[in-house]
Protein chains: 2
Amino acid sequence: MKINPADLNQVNVLKEAPLEDLNLLVEKSILRSVEEDSFYFFQGDPAKYAYILVTGRVKLVQSNPAGQQVNLRTIKQWEMFAALGAIRPDATYPVAAQALEPSSALAIESSLLREMMQTRPYLNFGLMQLMTGYIQEMQERYRELATEKVERRLALTILRLASQIGIKSQGQIELPLSQQDIAEASGSTIYTVSRTLSEWEKRGLIETGRGRIVMRNPHGLVEIAEGAESA
Amino acid sequence: MKINPADLNQVNVLKEAPLEDLNLLVEKSILRSVEEDSFYFFQGDPAKYAYILVTGRVKLVQSNPAGQQVNLRTIKQWEMFAALGAIRPDATYPVAAQALEPSSALAIESSLLREMMQTRPYLNFGLMQLMTGYIQEMQERYRELATEKVERRLALTILRLASQIGIKSQGQIELPLSQQDIAEASGSTIYTVSRTLSEWEKRGLIETGRGRIVMRNPHGLVEIAEGAESA
DNA sequence: CGTTGGGTTGATCCAACTCAAACGACGTGG
DNA sequence: CCACGTCGTTTGAGTTGGATCAACCCAACG
C-alpha cells in the first residue's frame with residue numbers, strides 16, 4: 001500500500017506542514033501493518049519511532065506490575081501517537097500500543113522528528129498543542145477518578161470517547177468499543193459497566209450491542225455527567 | 001525585592017538560556033507576592049501569565065463542580081508553573097495556584113513567552129521536556145488511582161512528593177505537608193491517611209508531626225509501594 | 001452446530017468513606 | 001505566662017458503593 005503524502009495534512013500536528021516535509025516523512029519512514037490485538041510497541045520498549053495511524057484503530061494502555069491495565073487513549077485515523085518519545089533521545093515508551101482492529105501506521109524515526117523540530121517551528125507548535133491537550137485531559141480524568149462516582153465517571157468517559165473517536169451514522173453517534181474497553185477507560189469493571197449501561201438502555205439514553213454503543217440521547221448523558229443524581 | 005537574573009539559570013526550562021534572555025525576562029516581568037493560602041490565579045481565569053516561583057511553595061489544584069479538590073502538583077523554588085497557558089493565545093488556566101506559605105513569583109506575560117519561543121530553540125525543548133514529564137506523571141498517577149489500593153497509593157504518593165519537594169535535613173527527608181494535602185494528592189481522605197500514617201509510624205517507617213512527615217525508612221515505603229501486602 | 005468470547009445477572013463481601021467526637025499542638029492576646 | 005480558640009490530627013462506629021465471584025445467556029463465526 002502507498003501513502004499519498006498530501007493526506008498527511010489531515011494530521012493535526014502537520015496541518016501547517018509544507019508538502020516537501022510531508023514527502024520527506026513518507027519517504028524516510030516505513031508503513032507498519034499489525035493485525036488485530038497485536039502491538040506496535042510495548043511499555044518499556046526504547047522509543048525508536050513515533051507513529052501516524054493510517055488505517056484502523058489503536059489503543060494506548062498502561063499496565064501495573066500485577067498486569068491490570070487502563071486505557072489512556074484511543075487513536076483514530078491520521079492521529080499521531082508515541083510522539084513523546086521523540087523528545088528525549090533515550091526515552092522508552094511509557095505505554096503500550098495495541099491494535100483494536102487490523103491497522104497500519106507510518107513509523108517515523110524519533111531522530112528524524114527531532115532533527116526536523118530544530119528547523120520547523122510549526123512542528124514544535126503542533127506538538128506542544130498536542131501535549132497541552134493531553135495534559136489537560138489527563139488532569140481532568142485524574143480529578144474525575146478521584147472525586148466522582150462511577151455512574152458519572154462512566155457518562156463522562158463515554159462522552160469524551162464519543163468526541164474523540166465517535167462515528168456519526170444517520171444522525172447518531174456510535175462508539176465501536178467493548179464494555180471491557182469502557183471499563184478500562186473509566187477505571188471500573190465490566191460488571192459495573194454492564195449494569196449501568198443496561199440501566200441507561202432501559203431509560204432510552206443509549207443502545208448497546210456486542211462491541212458497540214449507540215448514543216440515543218447525548219443530552220441525557222450530559223445531565224448524568226454533570227447534573228444531580230438520578231432518583 | 002530584586003531578582004538576580006543569573007539565578008534564573010536554576011530554572012529547568014532556562015538552564016540553557018543566555019544571560020541576555022534572563023535579563024529580558026526579569027526586566028519585562030513583575031514579581032508578585034502572595035500571602036499564605038492566597039491564589040496566584042483561579043481555575044478558569046484567562047492565562048495571562050506564566051510564573052517562576054522565587055520563594056515559598058505553591059500547589060496546583062483542580063476542583064470539581066461540587067468543590068472537592070485534588071492536588072495535581074506542588075511547586076518549589078525555581079520551578080516554572082502555568083506555562084501551558086503560554087501555548088494557546090486564548091487559553092484559560094485549567095487549575096488554580098494556591099500558596100502553601102508566603103510566596104513570591106515572577107509573572108511573565110504569556111505573549112512574551114510565545115514570542116521568545118519563536119526564535120529560541122532551547123525554550124521549546126525545555127518546555128517540551130517539562131510537558132512530557134507532566135504527561136508521564138499524570139498517566140502513572142491515573143493508573144495508580146484506577147488500579148491500586150489506598151495504602152500502596154499513599155506510599156507511591158509520598159515517595160513521589162519526597163522526590164519532588166522533599167527537604168533533606170540530617171540525612172532524612174522531610175515533607176512539609178499536612179495530611180489534608182496528602183489526601184488530596186493521593187485521592188483519599190484525611191481519615192484514611194491518618195490511620196495509615198499512624199500504622200506506619202508504629203512500624204518505624206515514618207515520623208509524623210503537625211504539617212510534616214519525616215521519612216525514617218524510605219526503603220520500607222518502597223516495599224509497600226511495589227511489594228506484596230503486609231501481613 | 002459447537003465453540004468462543006462478550007455480555008448479563010444475582011449474591012456476597014470488604015475496603016474505604018462518612019460522621020461524630022475528642023484530642024493536642026500552636027499562636028495569640030490579655 | 002497562662003487561657004483560649006483554632007486547626008490539624010486521631011479514633012471509634014456505622015455505612016455503602018462497587019468490586020468480586022459464580023453462573024448463565026447469547027450472538028458471531030469457523
Side-chain angles (χ1 to χ4, degrees), chain A residues 35-37 59 64 66-71 100-102 144-158 175-202 206-214 224 229-230, chain B residues 35-37 59 64 66-71 98 100-102 144-158 174-202 206-214 224 229-230:
Chain A
E35 54 194 57
E36 186 165 349
D37 294 337
K59 64 175 175 179
N64 72 356
Q68 290 172 81
Q69 60 182 45
V70 295
N71 287 6
L100 284 168
E101 50 190 65
E144 287 167 11
L145 201 45
T147 65
E148 311 293 355
K149 296 219 193 304
V150 275
E151 189 184 23
R152 189 171 296 192
R153 247 163 46 218
L154 262 177
L156 289 161
T157 300
I158 287 175
L175 277 183
L177 292 173
S178 71
Q179 301 196 1
Q180 175 81 48
D181 291 324
I182 304 287
E184 287 176 3
S186 64
S188 181
T189 63
I190 49 173
Y191 312 107
T192 301
V193 170
S194 174
R195 278 181 243 269
T196 308
L197 294 189
S198 296
E199 169 64 23
W200 288 351
E201 186 155 25
K202 276 192 206 114
I206 58 169
E207 204 179 303
T208 64
R210 194 190 176 84
R212 68 196 194 90
I213 299 168
V214 180
I224 292 174
E229 288 302 288
S230 58
Chain B
E35 55 194 54
E36 187 165 349
D37 294 336
K59 65 176 175 179
N64 71 358
Q68 292 172 79
Q69 60 181 45
V70 295
N71 288 6
Q98 184 174 24
L100 283 168
E101 50 191 65
E144 289 167 11
L145 201 46
T147 66
E148 311 293 355
K149 296 223 191 304
V150 274
E151 189 184 22
R152 190 172 296 193
R153 244 161 52 216
L154 262 177
L156 289 161
T157 300
I158 287 175
E174 181 176 331
L175 278 183
L177 293 173
S178 72
Q179 301 196 1
Q180 176 81 50
D181 291 324
I182 304 287
E184 286 176 2
S186 64
S188 181
T189 63
I190 49 172
Y191 311 106
T192 301
V193 170
S194 173
R195 278 180 240 271
T196 308
L197 294 188
S198 296
E199 169 65 23
W200 288 351
E201 186 155 25
K202 276 193 206 113
I206 58 168
E207 204 179 303
T208 65
R210 194 188 175 86
R212 63 192 198 95
I213 299 168
V214 181
I224 292 173
E229 289 300 289
S230 58

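Letters A, B, ... mirror the listed sequences (proteins, then strands); counts begin at 1. On a predicted model such as this, the values are computed, not experimentally measured, just so you know.
The distance from the OG1 atom of Thr189(A) to the CD atom of Glu184(A) is 11.0 Å, given to the nearest 0.5 Å. Note: Leu154(B) CG to Thr196(B) OG1 = 5.0 Å, rounded to the nearest 0.5 Å.
The interatomic distance linking Glu184(A) (CD) with dG7(C) (P) rounds to 12 Å, in whole Å. Whole-Å rounding puts the Asp181(A) CG to dG7(C) C1' distance at 13 Å. Taking atom CG on Leu175(A) and atom P on dG7(C), their separation rounds to 13 Å, with Å as the unit. Distance, Gln179(B) CD to dC7(D) P: 17 Å, rounded to whole Å. For the pair Leu197(A) CG and dG18(D) P, the interatomic distance rounds to 14 Å; values are reported in whole Å. One can place CG of Leu177(B) at 17 Å from C1' of dC7(D), the figure rounded to the nearest angstrom. Atom CZ of Arg210(A) is separated from atom P of dC25(D) by 16 Å (rounded to the nearest Å). Trp200(A) places its CH2 atom 15 Å from the P atom of dG7(C), with the value rounded to the nearest Å.
Nearest heavy atoms, Ser186(B) versus Thr157(B): CB-OG1, 3.3 Å. Taking all atoms of both residues into account, the shortest heavy-atom contact from Val150(A) to Ser188(A) is CG1-OG, 3.9 Å. Nearest heavy atom pair, residue Gly187(B) against residue Ala146(A), reads CA-CB, 4.2 Å.
No side-chain heavy atom of Asn71(A) sits under 4.5 Å from any side-chain heavy atom of Leu177(A). Contact annotation: the side chain of Glu144(A) never approaches that of Asn64(B) to less than 4.5 Å [non-hydrogen atoms, C-beta and beyond]. Using a 4.5 Å cut-off on side-chain heavy atoms (C-beta onward), Ile206(A) and Ile158(A) make no contact.
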With 3.5 Å as the limit, what N/O pairs link the protein to nucleotides 13-19 of chain C?
from	atom 1	to	atom 2	distance (Å)
dA16(C)	OP1	Val150(B)	N	2.7
dC17(C)	OP2	Ser188(B)	OG	3.2
dC17(C)	OP2	Thr189(B)	OG1	3.3
dC17(C)	OP2	Thr192(B)	OG1	2.5
dT18(C)	O4	Arg195(B)	NH2	3.2

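Panel note: side chain Glu151(A), backbone Ile224(A); no donor-acceptor pair is recorded below 3.5 Å.
Close to dG5(C), at under 4.0 Å from its OP1 or OP2, lies no side-chain N or O of Gln180(A). Regarding contacts with the backbone of dC7(D), every side-chain N or O of Ser178(B) stays at 4.0 angstrom or more from both OP1 and OP2.
Axis deviation across the helix from dC1(C)-dG30(D) to dG30(C)-dC1(D) amounts to 40°, comparing end segments of five pairs, rounded to 10 degrees.
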